[in-house]
Asker: 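Just passing along the structure, written as structure tokens.
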Amino acid sequence: MNRIKIENVSYRYQSRYQTTYVLKEVNAQFHSGQFCVIEGKSGSGKTTMLSLLAGLDLPSAGTIYLDGKSYQELDRDELRRKHLSIIFQNYNLFPMLTVQENIAYPFGLTGQKKGNWKERVNEILEGVGLDKTMLKKYPGMLSGGEQQRVAIARTIASGAPIILADEPTGNLDTANSRRIVENLERLSHEDGRCVILVTHDPDIAQRADVLYRMNDGQMIEKQDRTCGEQSIEK
Ligand SMILES: Nc1ncnc2c1ncn2[C@@H]1O[C@H](COP(=O)(O)OP(=O)(O)OP(=O)(O)O)[C@@H](O)[C@H]1O
Ligand SMILES: [Mg+2]
């Protein structure tokens with residue numbers, strides 16, 4: 001079953017002086033267990049698309065569905081709490097919380113902060129290539145790439161079935177970028193989560209199960225390696 005379906009979605013930014021049309025009648029579907037990538041050049045509307053998928057705003061026209069229910073009908077706060085985890089382009093870590101508290105934050109939301117949660121945080125931290133000396137530091141004491149990895153660790157900790165990631169490797173060197181992409185791929189292929197990643201990096205794009213390219217307000221499907229495994233319902 002498709003988790004997220006986008007139907008004829010258009011979006012425009014409206015200010016007093018001008019209207020910017022960013023998305024024009026976009027259609028797409030994203031399934032559980034898929035590593036999905038949306039690529040496109042700067043300004044093509046990738047972050048706008050993710051904001052709509054995250055329910056931070058509603059389309060100017062058209063509909064987005066989660067499991068067949070439109071975002072208009074859903075409680076969008078609950079959508080973000082229970083179903084989604086978002087890695088923002090600017091990380092959005094909590095500046096007053098330590099690295100350990102940032103990563104463990106979703107445990108508090110989902111009621112799983114018990115037992116050996118500290119060990120679980122350590123494991124996740126190691127998985128994104130950071131060591132334990134980071135745990136007591138605050139985000140302001142970390143480099144951009146380190147903050148990015150803490151944001152990814154927090155998403156892994158969340159257990160959310162749908163992960164939205166906006167340029168999650170934008171500040172990382174090749175080795176760390178590869179590690180993060182492999183982490184996200186594993187979350188889709190092994191844990192069955194639906195991962196939707198935005199990038200302009202062609203090396204990441206070519207690893208996608210499903211690849212969409214944004215251009216001129218359109219989002220065109222470029223490759224689907226899951227052909228036959230998922231039913232495409234239009
Ligand atoms: N709040 C806003 N008000 C008006 N226009 C906006 C606003 N945010 C974005 N835009 C415009 O919408 C278009 C799409 O922006 P968006 O941030 O979605 O692009 P992007 O593909 O994520 O770019 P990048 O790769 O640089 O992050 C751009 O032309 C941008 O200038
Ligand atoms: Mg962007």
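When reading the values below, keep in mind they use all heavy atoms of this one structure, side chains included, and skip hydrogens, waters and symmetry mates. Along the sequence shown, the residues carry numbers beginning at 1. Every number for a ligand or one of its atoms is a count from 1 in the order of the listing.
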Asker: In the protein, what heavy atom is nearest to atom 17 (O) of ligand 1, and what distance, to one decimal place, separates them?
Answerer: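 Answer, as residue, atom name and distance: T47 CB, 3.7 Å.
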
Asker: Whether the T19 and Q14 side chains hold a donor-acceptor pair (N or O, under 3.5 Å, no angle test) is what I'd like checked.
Answerer: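 A pair is found: one side chain offers a donor N or O, the other an acceptor, under 3.5 Å apart.
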
Asker: Is the Mg ion (ligand 2) under 2.8 Å from any N, O or S atom of S42?
Answerer: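 No, since none of the N, O or S atoms of S42 sits under 2.8 Å from the Mg ion (ligand 2).
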
Asker: Taking atom types as modelled, is there a side-chain donor on K136 or Q100 under 3.5 Å from an acceptor on the other?
Answerer: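 Judged by distance alone, the side chains do pair up.
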
Asker: Do N171 and Y91 have side-chain atoms, one donor and one acceptor, less than 3.5 Å apart?
Answerer: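 Side-chain D/A pair, N171 to Y91: present.
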
Asker: Mark up the atoms of ligand 1 that fall under 4.0 Å of a heavy atom belonging to S44, in ascending order.
Answerer: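 In order of numbering, the contacting atoms are 19 (O), 21 (O).
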
Asker: Is there a protein heavy atom less than 4.0 Å away from atom 14 (C) of ligand 1?
Answerer: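 At least one protein heavy atom is under 4.0 Å away.
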
Asker: Give the residue, atom name and distance (to 0.1 Å) of the protein heavy atom nearest atom 23 (O) of ligand 1.
Answerer: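 Result for atom 23 (O) of ligand 1: G43 N, 2.8 Å.
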
Asker: Looking at atom 31 (O) of ligand 1, would you say a protein heavy atom lies below 4.0 Å from it?
Answerer: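 No; the ligand atom in question lacks any protein heavy-atom contact below 4.0 Å.
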
Asker: Starting from atom 27 (O) of ligand 1, what is the nearest protein heavy atom, named by residue and atom, and what distance separates them?
Answerer: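 Residue, atom and distance for the closest contact: Q89 NE2, 3.0 Å.
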
Asker: Between K46, H200, Q18, flag the one that comes closest to atom 21 (O) of ligand 1 by a heavy atom.
Answerer: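 Ranked by closest heavy atom to atom 21 (O) of ligand 1, first place is K46.
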
Asker: Which residue and atom name correspond to the protein heavy atom nearest atom 6 (C) of ligand 1, and how close is it?
Answerer: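 Minimum-distance protein heavy atom for atom 6 (C) of ligand 1 reads Y13 CD1, 3.4 Å.
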
Asker: I'd like to know whether the aromatic ring centres of F35 and F30 sit less than 6.0 Å apart in this structure.
Answerer: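 No.
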
Asker: Do ligand 1 and V22 have nitrogen or oxygen atoms that lie under 3.5 Å from each other?
Answerer: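 Such a contact does not occur with ligand 1.
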
Asker: Got a sec: does the CZ of R80 have more than 12 other heavy atoms crowding it under 6.0 Å?
Answerer: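 Above 12, so yes.
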
Asker: Check each of R207, R179, R193 against E185 using the salt bridge (charged side-chain N to carboxylate O under 4.0 Å, His left out) test, and report the only one that passes.
Answerer: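 Between E185 and the candidates, salt bridge (charged side-chain N to carboxylate O under 4.0 Å, His left out) is satisfied uniquely by R207.
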
Asker: So is T20 polar-close to ligand 1, meaning N/O to N/O under 3.5 Å?
Answerer: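 The answer is no, given that T20 and ligand 1 share no N or O pair closer than 3.5 Å.
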
Asker: With no hydrogens and no angle check, just 3.5 Å: does a side-chain donor-acceptor pair link T48 and Y13?
Answerer: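 T48 vs Y13: donor-acceptor pair found between side chains.
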
Asker: Which protein non-hydrogen atom lies closest to atom 26 (O) of ligand 1, naming both residue and atom, and how far is it?
Answerer: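 Its nearest protein heavy-atom neighbour is S42 OG, 2.6 Å.
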
Asker: Got a sec: is T48 within less than 2.8 Å of the Mg ion (ligand 2) via an N/O/S atom?
Answerer: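 Not a single backbone or side-chain N, O or S atom of T48 is under 2.8 Å from the Mg ion (ligand 2).
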
Asker: Using only heavy-atom distances, determine whether the side chains of Y138 and N102 contain a donor-acceptor pair under 3.5 Å.
Answerer: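 N102 and Y138 do not have a side-chain donor-acceptor pair below 3.5 Å.
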
Asker: Count the heavy atoms belonging to other residues, nucleotides or ligands that lie under 6.0 Å from CD of E126, then report whether that count exceeds 12.
Answerer: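 Incorrect, the count does not exceed 12.
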
Asker: Is the Y105-F94 ring centre distance short of 6.0 angstrom?
Answerer: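 Yes: the rings meet the under 6.0 Å criterion.
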
Asker: With a cutoff of 4.0 Å, is K41 in contact with ligand 1, counting heavy atoms of the residue only?
Answerer: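 Yes, that is the case, since the closest heavy atom of the residue is under 4.0 Å from the ligand.
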
Asker: Does ligand 1 have any atom that is closer than 4.0 Å to a heavy atom of G40?
Answerer: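 Under 4.0 Å: no for G40.
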
Asker: Identify, for atom 18 (O) of ligand 1, the protein heavy atom at the shortest distance, and state residue, atom and that distance.
Answerer: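 Answer for atom 18 (O) of ligand 1: T48 OG1, 2.5 Å.
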
